[in-house]
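Computed from heavy atoms alone, side chains included, the values below leave out hydrogens, waters and symmetry copies. The residues of the chain are indexed from 1 along the displayed sequence. Both ligands and their constituent atoms are indexed starting at 1 by order of listing. Just so you know, these numbers come straight off a predicted model, no measurement behind them.
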Amino acid sequence: MKAAIYHEAGGPDVFRYVDVADPVPADDELLIRVEAISIEGGDLAGRRDLMPGQDEVPGYAAAGEILHIGKDVDGFVVGQKVTTFHWKGSHAELRAVPARNCFAVPDGLDIGIASTIPVGPGTAAWALHLAKLQPGQTVLVLGAAGGVGLATVQLAAKLGAHVIGTGTRPESLDRVREYGLGHGIVVGQKTASEQIRALLGGNEVDVIIDTIGGDALIDALKVLKDGGNAVLIGVFGGRHTMIDGGSLLAHRHTIIGCLLGPEMGDEIPRRLITELFEMAKKGDLKIPIDASFPLSDAAGAHRRAEERGRIGRVIMKP
Ligand SMILES: NC(=O)c1ccc[n+]([C@@H]2O[C@H](COP(=O)([O-])OP(=O)(O)OC[C@H]3O[C@@H](n4cnc5c(N)ncnc54)[C@H](OP(=O)(O)O)[C@@H]3O)[C@@H](O)[C@H]2O)c1
């Protein structure tokens, strides 16, 4: 089969489009013919860090048609369309993937959109569940214009929460308003916490969903209510963060680390993700596709996915 792989860490140009051996599915896996690949933040980080490894096919999220079902797998049929997640193997024509990370795609849902659902929107739904956000509460979404952020904004707004979101560009945040964002906070000259205090007249937010991390989290904690939950999803703003322990205990804040991948097949995340497919089919969850590239141009696709000021997912098709 054809695959887009790299032998060294680096920028998008490390990709080579080559012939590799077809994957052989294990007893608990499905083999799929890939039809759409969603490029996730983890794919970009993996390429920079040479993960999963030199000779392996990289990539997290892909949707396609089932060709073969491992003998230990129930609940799927050959020919069915599924979306899949794994730590490697999406950037190829064929993929063997654990069945616990596979989700049936409802008839009528575009396969490209389906490929994006488990990781971005799935993480948004899981993070809001962990945060215990309630209708009528105020949630602050750090990185509201990103793939995870945009889904978080929509799901929180549908729940009946007041949604405040941060971003680096006013024009991007203006577009996120169409998805349920109540107030956009452009980070830059003034800190987000200063702007939020002015906006809320001194009141504070009930929940933080943080796709940025680092200084953005430290600043946001200044406007989290006593007893509030902050869910940390991403750390591209900095892995090593100085938390003020005194402030944390004085305000009884909880910071929750969220990594969906290992838990995706568990009962509650699976139910939440399955609901997202139905929402997307009905148009209750909107997932804009920014651009589609052929798999043979994985470098172009990753380059586009790394551009700032973009809204919507970049996908590839074999
Ligand atoms: N924990 C998990 O299970 C999990 C799952 C999925 C993703 N993630 C991680 O979550 C992070 C976000 O993923 P994604 O797919 O949503 O990324 P994305 O689509 O690339 O979006 C990132 C967004 O952050 C914005 N941004 C950058 N710096 C900012 C800042 N200082 N303040 C506010 N906004 C800022 C960008 O806006 P501009 O482009 O306008 O600058 C962009 O809209 C990544 O680190 C990813 O690896 C984690």
Side-chain angles (χ1 to χ4, degrees), residues 38-49 51 59-61 85-87 101 115-131 140-155 164-176 179 181 184-193 195-196 208-220 230-239 241 255-266 269 272-273 276 287-291 301-315:
S38 175
I39 300 181
E40 304 293 339
D43 294 332
L44 307 176
R47 194 204 66 232
R48 291 184 210 115
D49 295 342
M51 292 191 328
Y60 282 7
F85 166 82
H86 197 31
W87 302 107
N101 292 341
S115 72
T116 72
I117 289 180
V119 179
T123 300
W126 183 227
L128 290 170
H129 174 84
L130 293 174
L140 171 60
V141 182
L142 306 182
V148 178
L150 197 60
T152 307
V153 167
Q154 293 181 71
L155 296 174
I164 302 173
T166 68
T168 63
R169 289 171 169 76
E171 61 276 16
S172 297
L173 289 173
D174 281 347
R175 288 179 63 191
V176 182
Y179 296 82
L181 183 69
I185 302 286
V186 181
V187 296
Q189 289 182 337
K190 280 190 177 172
T191 64
S193 62
Q195 297 182 66
I196 290 163
I208 296 167
I209 305 292
D210 179 10
T211 74
I212 309 296
D215 290 344
L217 173 62
I218 300 302
D219 176 55
V231 178
L232 180 63
I233 293 173
V235 289
F236 70 69
R239 289 176 71 99
T241 304
I255 301 175
I256 303 167
C258 167
L259 182 64
L260 177 64
E263 304 190 89
M264 188 178 274
D266 293 351
L272 294 172
I273 293 169
L276 295 173
I287 303 171
I289 300 297
D290 167 76
H302 273 231
R303 202 173 291 118
R304 176 61 188 161
E306 281 181 340
E307 277 174 26
R308 308 292 299 272
R310 178 184 49 71
I311 288 208
R313 274 285 176 252
V314 177
I315 62 169

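Using modelled atom types, one finds a donor on one side chain and an acceptor on the other under 3.5 Å when comparing Ser38 with Glu40.
Ile208 and Ala220 make their closest contact through CD1-O, 3.5 Å (heavy atoms, listed as atom of the first residue, atom of the second, distance).
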Please test Arg304 against Glu307 for salt bridge (charged side-chain N to carboxylate O under 4.0 Å, His left out), starting from the C-alpha separation and ending with a verdict.
CA-CA 5 Å; Arg304 176 61 188 161; Glu307 277 174 26; 2.3 Å; yes

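Scored by the salt bridge (Lys or Arg N to Asp or Glu O under 4.0 Å) test, Asp215 finds no partners at all (sequence neighbours excluded). Residues forming a ring pair (Phe, Tyr, Trp, His ring centres under 6.0 Å) with Trp126 (at least two apart in sequence, or on another chain): His129. The side chain to side chain contact (heavy atoms under 4.5 Å, CB included) search around Ser172 returns Ala145, Arg169, Ile311, not counting sequence neighbours.
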Pairs of nitrogen or oxygen atoms, one from ligand 1 and one from the protein, closer than 3.5 Å: please tabulate them with distances.
{"unit_1": "ligand 1", "atom_1": "1 (N)", "unit_2": "Ile233", "atom_2": "O", "d": "2.9"}
{"unit_1": "ligand 1", "atom_1": "1 (N)", "unit_2": "Cys258", "atom_2": "O", "d": "2.6"}
{"unit_1": "ligand 1", "atom_1": "3 (O)", "unit_2": "Leu260", "atom_2": "N", "d": "2.9"}
{"unit_1": "ligand 1", "atom_1": "15 (O)", "unit_2": "Arg313", "atom_2": "NH1", "d": "3.4"}
{"unit_1": "ligand 1", "atom_1": "15 (O)", "unit_2": "Arg313", "atom_2": "NH2", "d": "2.7"}
{"unit_1": "ligand 1", "atom_1": "16 (O)", "unit_2": "Gly147", "atom_2": "N", "d": "3.0"}
{"unit_1": "ligand 1", "atom_1": "16 (O)", "unit_2": "Val148", "atom_2": "N", "d": "2.9"}
{"unit_1": "ligand 1", "atom_1": "19 (O)", "unit_2": "Gly147", "atom_2": "N", "d": "2.9"}
{"unit_1": "ligand 1", "atom_1": "19 (O)", "unit_2": "Arg313", "atom_2": "NH1", "d": "3.4"}
{"unit_1": "ligand 1", "atom_1": "28 (N)", "unit_2": "Arg308", "atom_2": "NH2", "d": "3.2"}
{"unit_1": "ligand 1", "atom_1": "39 (O)", "unit_2": "Gly309", "atom_2": "N", "d": "2.7"}
{"unit_1": "ligand 1", "atom_1": "40 (O)", "unit_2": "Thr168", "atom_2": "OG1", "d": "2.9"}
{"unit_1": "ligand 1", "atom_1": "40 (O)", "unit_2": "Arg169", "atom_2": "NH1", "d": "3.1"}
{"unit_1": "ligand 1", "atom_1": "41 (O)", "unit_2": "Thr168", "atom_2": "OG1", "d": "2.7"}
{"unit_1": "ligand 1", "atom_1": "41 (O)", "unit_2": "Arg169", "atom_2": "NH1", "d": "3.2"}
{"unit_1": "ligand 1", "atom_1": "41 (O)", "unit_2": "Arg308", "atom_2": "NE", "d": "2.8"}
{"unit_1": "ligand 1", "atom_1": "41 (O)", "unit_2": "Arg308", "atom_2": "NH2", "d": "2.6"}
{"unit_1": "ligand 1", "atom_1": "43 (O)", "unit_2": "Gly146", "atom_2": "N", "d": "3.1"}

